[in-house]
Amino acid sequence: MMEIDQIKPILQQDLKPNRYLHSLNTALAAQQLAQYRGADPNKAYLAGLVHDCAKNMNNADLLAAAEQFGIPTDPIILRSPQLIHGQVGAYLAREQFDIHDEEIFNAIAHHTMGRENMSDMEKIIFLADLIEPGRTYENVVKIRKTALTDFDKALLMAYDGIINFIIRKEDLLHPQTIRARNYLLMNA
């Protein structure tokens, strides 16, 4: 596995400046959440740092990478390929940064849509991506505070915010996100 000091310059070159800053902020938020949750803060920092390594890929390249890596697609993903930037990014993290830790792989892969029965690390990266200090959307301060007292409630608030945002945009909502939210609600 590459060292963080080796990964940062590559990300800085590959990502737009605001996306790189978001990645740094997500890494710090993930580290803080991991400490709160009793998870490995170093793994969380690394996963947060590289979680968006495929974010600047265009739609055609994301779909080509999905085919190359055997990532399944569906009509919603074909219409909105950015939904799989996390899954593609997990494979790129393996190839480009030599990160082979399954916990980190899954956290990167599922940070966009979530999934049912997420591991603690998956939840940490999913939430850190949404509450990092650069985020300014409505309710983010409330979600940040809740994350440090009731983690699953903060996740539910985040899912609700994502779903409402997508509905307001009149965009397609992936069933995986709905299943992830419902699983969390049913098992809280």
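- Taking CD1 from Ile4 and CG from Asn42, the interatomic distance works out to 7.0 Å, rounded to the nearest 0.5 Å.
- The closest side-chain heavy-atom distance from Lys142 to Met157 is below 4.5 Å.
- Looking at every heavy atom in both residues, Ala128 comes nearest to Thr26 through CB-O, 3.7 Å.
- Rounded to the nearest 0.5 angstrom, Ser80 OG and Asp171 CG are separated by 5.0 Å.
- Between the side chain of Asp40 and the backbone N or O of Lys43 there is at least one donor-acceptor pair closer than 3.5 Å.
- You'll find the ring centres of Tyr159 and Phe126 inside the 6.0 Å limit.
- Residue-environment remark: CD (Glu67) stays at or below the threshold of 12 foreign heavy atoms within 6.0 Å.
- Looking only at distances, no side-chain donor or acceptor of Thr73 sits under 3.5 Å from a matching main-chain atom of Leu78.
- Between the side chain of Asn164 and the main chain of Asp160, a donor-acceptor pair closer than 3.5 Å is present.
- Of the possible polar contacts, none joining the Arg135 side chain to the Val141 backbone as a donor-acceptor pair under 3.5 Å is found.
- Contact annotation: the side chain of Leu130 never approaches that of Ile143 to less than 4.5 Å [non-hydrogen atoms, C-beta and beyond].
- With Ser23 as the fixed residue, the side chain to side chain contact (heavy atoms under 4.5 Å, CB included) test singles out one of Asn18, Val50, Leu15: Leu15.
- Listed here is the closest heavy atom pair of Met57 and Ala65: CE-CB, 4.1 Å.
- Using a distance-only test at 3.5 Å, with no hydrogens or angles considered, no donor-acceptor pair links the side chain of Gln35 to the main chain of Pro41.
- Aromatic rings from Tyr91 and Phe105 are positioned such that their centres are separated by under 6.0 Å.
- Remark: side-chain polar atoms of Asn187 are paired, donor with acceptor, to backbone N or O of Tyr183 under 3.5 angstrom.
- In terms of modelled atom types and a separation under 3.5 Å, the side chain of Glu3 and the main chain of Asp5 share no donor-acceptor contact.
- The pair Glu102-Arg94 meets the salt-bridge criterion, with a side-chain N (NZ, NE, NH1 or NH2) lying under 4.0 Å from an Asp/Glu carboxylate O.
- Taking the six-membered ring for Trp and the full ring otherwise, His22 and His51 have centroids separated by under 6.0 Å.
- Between Met113 and Gln87, the closest side-chain pair of non-hydrogen atoms falls below 4.5 Å.
- One finds the CD1 atom of Ile76 at 5.0 Å from the NE2 atom of His174 (value rounded to the nearest 0.5 Å).
- Other residues, nucleotides and ligands contribute more than 12 heavy atoms inside 6.0 Å of the OH atom of Tyr36.
- Using a 4.0 Å cut-off between charged side-chain N and carboxylate O, Arg19 and Asp14 make no salt bridge.
- Of the residues listed (Asp150, Asp120, Asp152), the one engaging Arg37 in a salt bridge (charged side-chain N to carboxylate O under 4.0 Å, His left out) is Asp120, and it is the only one.
- In this model, no donor atom of one side chain and acceptor atom of the other lie less than 3.5 Å apart for Asn56 and His85.
- Counting heavy atoms from C-beta outward, Ile104 and Met121 have side chains that stay 4.5 Å or more apart.
- Residue Leu155 holds its CG atom at 9.0 Å from CD1 of Ile131, rounded to the nearest 0.5 Å.
- For the pair Met2/Gln96, no side-chain contact is recorded, criterion being any heavy-atom separation below 4.5 Å from C-beta on.
- The line from CG of Leu62 to CD1 of Ile77 is 10.5 Å long, rounded to the nearest 0.5 Å.
- Panel note: side chain Glu122, backbone Ser119; a donor-acceptor pair is recorded below 3.5 Å.
- Side-chain contact between Phe97 and Leu11 is present, with heavy atoms from C-beta onward closer than 4.5 Å.
- A distance of 8.0 Å separates CD1 in Ile10 from CD in Gln13, rounded to the nearest 0.5 Å.
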